[in-house]
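First comes the structure, then the notes that go with it.
All figures in this text were calculated on a predicted structure; none of them were measured in a lab. Scope of the values below: all heavy atoms of this structure, side chains included, with no hydrogens, waters or symmetry mates.
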Amino acid sequence: MSTLKDRLTADMRAALKARDELTTSTLRMALAAVGNAEVAGKAKRELSDDEVLAVLTKEAKKRREAAAAFADAGRAEQAGKETAEGAVLDRYLPEQLSEQELTELVSGALAADGYTEKSQMGPAMKAAQAAVAGRAEGGRVAAEVRRQLGL
């Protein structure tokens with residue numbers, strides 16, 4: 001079992017004992033998503049920490065999007081719940097890059113491989129995502145790559 005998955009399980013048990021319903025339900029949901037990812041494909045397998053982190057990132061993004069949708073629909077209570085669940089998941093995610101750090105990493109990645117034209121967007125994105133290594137959302141990275149390529 002991966003160490004991040006072990007940590008999620010231990011924290012869920014601690015939250016269950018402490019009767020922290022929000023943390024318990026959020027971590028149960030996260031562990032269920034990890035379990036679904038483990039059985040996806042032809043055979044069940046254990047996920048690495050990076051793969052578990054990718055699942056948690058995806059779940060956190062779902063919470064942010066749902067909170068925004070509920071807020072737009074005037075359902076503040078549901079939006080607050082989604083935001084709180086996102087905050088629980090954020091404890092397990094690496095700290096996000098600032099705009100300046102993101103700009104520097106993307107410009108370094110683009111300069112290293114010589115990407116300067118808009119026709120090189122695909123390979124440029126691949127290089128930028130590798131440089132960022134999950135510390136910024138794909139949308140932010142794509143926006144910065146587009147800006148630097150002049151799109």
Side-chain angles (χ1 to χ4, degrees), residues 1-41 43-110 112 121-149 151:
M1 199 184 268
S2 70
T3 57
L4 183 55
K5 186 176 173 187
D6 290 338
R7 188 172 144 216
L8 287 169
T9 304
D11 289 354
M12 186 198 62
R13 287 184 182 146
L16 190 61
K17 289 178 183 175
R19 299 192 187 277
D20 181 350
E21 292 180 22
L22 174 71
T23 304
T24 302
S25 66
T26 303
L27 293 180
R28 273 189 179 144
M29 172 273 311
L31 286 167
V34 169
N36 287 340
E38 287 179 334
V39 297
K44 182 176 178 179
R45 63 186 182 86
E46 290 292 324
L47 297 181
S48 68
D49 274 353
D50 290 339
E51 292 169 320
V52 172
L53 196 59
V55 170
L56 292 179
T57 301
K58 186 176 176 184
E59 292 299 319
K61 181 179 179 187
K62 285 181 188 177
R63 298 299 163 272
R64 281 191 298 278
E65 290 172 351
F70 283 128
D72 289 345
R75 298 182 61 190
E77 186 177 320
Q78 276 299 115
K81 181 178 183 284
E82 295 291 336
T83 302
E85 287 179 357
V88 170
L89 292 174
D90 286 343
R91 295 182 212 159
Y92 301 94
L93 299 175
E95 189 172 324
Q96 296 292 298
L97 295 171
S98 69
E99 289 302 318
Q100 181 181 356
E101 292 170 323
L102 179 62
T103 300
E104 291 170 3
L105 280 174
V106 169
S107 65
L110 296 180
M121 179 68 180
M125 268 302 294
K126 189 172 183 178
Q129 287 285 28
V132 170
R135 294 176 292 162
E137 286 185 6
R140 285 181 59 207
V141 176
E144 183 60 29
V145 169
R146 277 192 206 95
R147 188 186 70 73
Q148 291 189 20
L149 289 178
L151 299 179

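- In plain terms, the two heavy atoms of Ala131 and Ala109 that are nearest each other are CB-CB, 3.9 Å.
- Thr103 has its side chain within reach of Gln148: a pair of non-hydrogen atoms, C-beta onward, lies under 4.5 Å apart.
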Run the side chain to side chain contact (heavy atoms under 4.5 Å, CB included) check on Arg64 and Asp90 step by step: do they pass? CA-CA 11 Å; Arg64 281 191 298 278; Asp90 286 343; 4.2 Å; yes
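- Rounded to the nearest 0.5 Å, atoms NZ (Lys58) and CG (Leu53) are 14.0 Å apart.
- Counting only N and O atoms by type, the side chains of Asp49 and Thr3 include a donor and acceptor under 3.5 Å apart.
- Note that CG of Leu56 and CG of Leu31 are 8.5 Å apart. Values are rounded to the nearest 0.5 Å.
- At least one side-chain heavy atom of Arg45 sits under 4.5 Å from a side-chain heavy atom of Leu47.
- Among Val106, Leu149, Leu97, the one residue that satisfies the side-chain contact (heavy atoms from CB on, under 4.5 Å) test with Glu144 is Val106.
- Of all non-hydrogen atoms in Ala79 and Ala71, the two that sit nearest each other are CB-N, 3.8 Å.
- Contact of the Thr83 side chain with the Phe70 side chain is not registered, since no non-hydrogen atoms from C-beta on lie closer than 4.5 Å.
- Note: Thr24 OG1 to Met29 CE = 12.0 Å, rounded to the nearest 0.5 Å.
- Looking at heavy atoms from C-beta onward, Lys81 lies out of side-chain contact with Glu77 at the 4.5 angstrom threshold.
- Residues that satisfy the salt bridge (charged side-chain N to carboxylate O under 4.0 Å, His left out) test with Arg28, not counting sequence neighbours, are absent from this structure.
- Across all their heavy atoms, Ala128 and Val145 have their closest contact at CB-CG2, 3.6 Å.
- Under the 4.5 Å side-chain criterion, counting only non-hydrogen atoms from C-beta, Asp11 is not in contact with Thr23.
- With sequence neighbours excluded, the residues satisfying salt bridge (charged side-chain N to carboxylate O under 4.0 Å, His left out) with Glu59 are Lys62, Arg63.
- Of the inter-residue distances, the one linking Lys5 atom NZ with Glu46 atom CD reads 5.0 Å to the nearest 0.5 angstrom.
- Atom CG of Leu93 is separated from atom CG of Leu4 by 8.5 Å, given to the nearest 0.5 angstrom.
- One finds the CE atom of Met121 at 14.5 Å from the NZ atom of Lys126 (value rounded to the nearest 0.5 Å).
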